Amino acid sequence: MAYELYYWDGLQGRGEFVRLALEQAGADYVDVARTDGGMDKMFAFIEGRQGHQMPFAPPFLKDGEIIVSHVANILHYLGPKLGLVPEGEQARIFAHGLQLTIADFVMEVHDTHHPISTADYYEDQKEEAKARTKAFLQHRVPKFMGYFNRIVAANPAGGGHAIGDRLSYVDLSLFQVAEGLAYAFPRAMARFDADYPDVAKLRDKVRTQPNIRSYLESDRRLAFNESGIFRHYPELDQDPA
C-alpha cells in the first residue's frame with residue numbers, strides 16, 4: 001500500500017522534507033493534493049470528516065490506518081522503515097532532535113517574510129520583514145548553520161554525514177535547507193560554502209544521489225516560489241556582513 005502524503009499543492013514548503021525522504025528511499029507514495037479531488041481529501045482529515053485523528057495542519061502522512069503529523073514526527077516514523085536512520089534508540093532519538101532543530105530554523109526562515117502575522121500579506125509587513133531578516137542573516141543563520149557544520153564535522157563515523165555512516169533523513173533535510181537559503185538569499189549566502197564547508201559538502205553529496213538527482217530533474221520536484229517557506233524578495237537579501 002502506497003504512503004499518502006498530504007500537503008498543499010503548488011509549493012515545496014514543509015512537505016518537501018518528507019518528499020525527499022520518500023524519493024531517496026524509492027518508496028511508493030501519492031502526493032494526494034496534486035491528484036484529482038486531493039485538496040478535499042486533505043481537508044476531510046483536517047476538518048474531522050475522517051474521524052477524531054485530525055491533524056492540525058499539513059503535512060501529514062497516512063500509512064494504512066496510521067496518521068502521522070508534523071515533519072519531524074513523520075520522519076521519525078519513516079526513518080526506520082525507509083532505512084534512513086541508523087539502528088538503535090540512541091541514534092534515532094539523536095536524529096529526531098536534529099530534525100526538531102531544523103524545524104525550529106525553518107520557522108525562523110518563515111518569519112523573515114511574515115514577522116508579524118501569517119494572516120497578513122508580506123507587503124503589509126515589509127518594513128518589519130526587513131528588520132527581522134537583517135537579524136536573521138547576521139545572527140540566526142550563523143548560529144544554526146554553524147551548529148550543523150560542527151555536527152557533521154564531529155560525527156565519529158566520518159563520511160560527511162550528520163549521523164551514522166550513511167545517508168539519513170537529517171542529511172536530506174540539511175540539503176533542503178541549504179538549497180532554500182541559496183534561493184531566498186543568494187547575496188547573503190555567497191560565502192556559504194566557505195563558512196559551512198561540511199554542510200556544503202553534504203549538500204553536494206545529497207544532490208548526486210541517483211534517486212535524488214532523478215527527482216530533482218522530474219516534474220515531481222516543485223520549484224521554489226514566493227508561496228513557500230523559502231522566498232526570494234530581493235529587498236530582503238543583503239551582502240555578507
Side-chain angles (χ1 to χ4, degrees), residues 3-34 42 55-63 66-86 92-112 141 144-145 147-148 151-152 161-164 166-184 199 202-207 209 211-216 218 220-225 227-231:
Y3 294 109
E4 295 179 9
L5 172 63
Y6 291 81
Y7 194 66
W8 307 110
D9 187 19
L11 65 152
Q12 293 182 14
R14 292 176 176 85
E16 193 66 13
F17 294 94
V18 182
R19 291 189 192 102
L20 285 168
L22 293 166
E23 290 283 347
Q24 169 61 18
D28 188 13
Y29 78 100
V30 178
D31 206 337
V32 177
R34 299 179 72 183
M42 184 171 77
F56 178 73
F60 57 93
L61 183 88
K62 185 175 185 292
D63 180 18
I66 297 176
I67 307 296
V68 191
S69 59
H70 292 279
V71 171
N73 201 29
I74 295 169
L75 294 174
H76 186 57
Y77 173 78
L78 285 176
K81 293 178 175 290
L82 302 181
L84 288 175
V85 68
R92 292 198 303 272
I93 294 300
F94 182 56
H96 189 47
L98 292 175
Q99 192 66 43
L100 287 166
T101 305
I102 291 172
D104 290 342
F105 182 68
V106 169
M107 179 58 71
E108 296 205 23
V109 173
H110 172 271
D111 287 350
T112 61
V141 170
F144 278 91
M145 289 298 101
Y147 167 72
F148 285 115
I151 286 291
V152 176
H161 298 291
I163 183 171
R166 57 192 173 90
L167 197 76
S168 73
Y169 66 76
V170 178
D171 297 335
L172 296 167
S173 292
L174 287 175
F175 162 81
Q176 177 66 7
V177 166
E179 292 286 282
L181 288 173
Y183 171 79
V199 174
L202 173 57
R203 174 204 62 206
D204 294 343
K205 181 181 296 186
V206 170
R207 189 184 289 131
Q209 298 297 306
N211 283 357
I212 294 299
R213 185 173 63 247
S214 176
Y215 170 58
L216 296 177
S218 75
R220 299 189 304 282
R221 168 74 165 186
L222 297 164
F224 286 107
N225 60 56
S227 294
I229 298 292
F230 296 96
R231 303 185 185 188

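Note that the structure is predicted; figures quoted are calculated from it, not measured.
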Margin query: Tell me the closest heavy-atom pair linking Ala27 and Leu82, and the distance in Å.
Written below: CB-CD2, 4.0 Å
Next item on the list: Taking all heavy atoms of Gly26 and all of Asn211, pick out the closest pair and write down the distance.
Entry: N-ND2, 3.8 Å
Notebook entry, point to check: Taking side chain as C-beta onward, heavy atoms only, is Glu179 less than 4.5 Å from Phe224?
Noted result: yes
Notebook entry, point to check: Considering residues at least two apart in sequence or located in another chain, which fulfil the side chain to side chain donor-acceptor pair (under 3.5 Å) criterion with Arg166?
Noted result: none
Check: Which residue pairs pass the side chain to side chain donor-acceptor pair (under 3.5 Å) test with at least one member in residues 99-109, sequence neighbours excluded?
Finding: Gln99-Ser173, Glu108-Arg140
Margin query: Under the rule for side-chain contact (heavy atoms from CB on, under 4.5 Å), what residues qualify as partners of Ala178, not counting sequence neighbours?
Written below: Phe192, Arg203
Next item on the list: Apply side chain to side chain contact (heavy atoms under 4.5 Å, CB included) to the pair Val177 and Met145, showing each step before the final yes or no.
Entry: CA-CA 9 Å; Val177 166; Met145 289 298 101; 3.7 Å; yes
Notebook entry, point to check: Should the ring pair Phe144 and Phe105 be called parallel, tilted or perpendicular, given that the plane angle runs from 0 to 90° and is split at 30 and 60?
Noted result: tilted
Notebook entry, point to check: Taking all non-hydrogen atoms of both residues, which atom of Ile67 and which atom of Pro55 are closest, and how far apart?
Noted result: CG2-CG, 4.0 Å
Margin query: Tell me every residue that passes ring pair (Phe, Tyr, Trp, His ring centres under 6.0 Å) with Phe94, counting only those two or more places apart in sequence or in another chain.
Written below: none
Item checked: Non-neighbouring partners of Asn225 that pass side-chain contact (heavy atoms from CB on, under 4.5 Å), sequence neighbours left out -> Leu11, Ser227
Notebook entry, point to check: Partners of His161 by side chain to side chain donor-acceptor pair (under 3.5 Å), sequence neighbours excluded?
Noted result: Asp171
Donor-acceptor pairs under 3.5 Å, side chain of residues 13-25 to any protein atom, not counting sequence neighbours: which ones?
unit_1, atom_1, unit_2, atom_2, d
Glu16, OE1, Arg19, NH1, 2.8
Glu16, OE1, Tyr215, OH, 3.2
Glu16, OE2, Tyr215, OH, 2.6
Glu16, OE2, Arg221, NH1, 2.6
Arg19, NE, Asp31, OD2, 2.8
Arg19, NH1, Gln12, O, 3.2
Glu23, OE1, Arg220, NH2, 3.0
Glu23, OE2, Tyr29, OH, 2.7
Glu23, OE2, Arg220, NE, 2.8

What donor-acceptor contacts under 3.5 angstrom involve side-chain atoms of residues 72-81, with partners at least two apart or in another chain?
unit_1, atom_1, unit_2, atom_2, d
Asn73, ND2, Ser69, O, 3.3
Tyr77, OH, Asp63, OD2, 2.5

Notebook entry, point to check: Do Arg34 and Leu222 come close enough that some side-chain heavy atom pair is under 4.5 Å?
Noted result: yes
Checklist line | Partners passing side chain to side chain donor-acceptor pair (under 3.5 Å) against Tyr7 (at least two apart in sequence or in another chain) | finding: none
Check: Partners of Asp9 by side chain to side chain donor-acceptor pair (under 3.5 Å), sequence neighbours excluded?
Finding: none
Note to self: Using every non-hydrogen atom in the two residues, find where Ile163 and Ser168 come nearest and quote the distance to one decimal.
What the structure shows: CG2-OG, 3.6 Å
Margin query: Under the rule for ring pair (Phe, Tyr, Trp, His ring centres under 6.0 Å), what residues qualify as partners of Phe148, not counting sequence neighbours?
Written below: none
Next item on the list: Give the minimum heavy-atom separation between Trp8 and Ala33, together with the two atoms involved.
Entry: C-CB, 4.4 Å
Note to self: Can you confirm whether Leu172 sits close enough to Ile212 that some side-chain heavy atom of one is under 4.5 Å from a side-chain heavy atom of the other?
What the structure shows: yes
Item checked: Candidate pair Lys205 and Phe175, rule side chain to side chain contact (heavy atoms under 4.5 Å, CB included), full reasoning -> CA-CA 9 Å; Lys205 181 181 296 186; Phe175 162 81; over 6 Å; no
Item checked: Non-neighbouring partners of Phe60 that pass ring pair (Phe, Tyr, Trp, His ring centres under 6.0 Å), sequence neighbours left out -> Tyr6, Phe45
Item checked: Minimum heavy-atom distance between Val109 and Thr112, given as atom pair plus value -> O-OG1, 2.6 Å
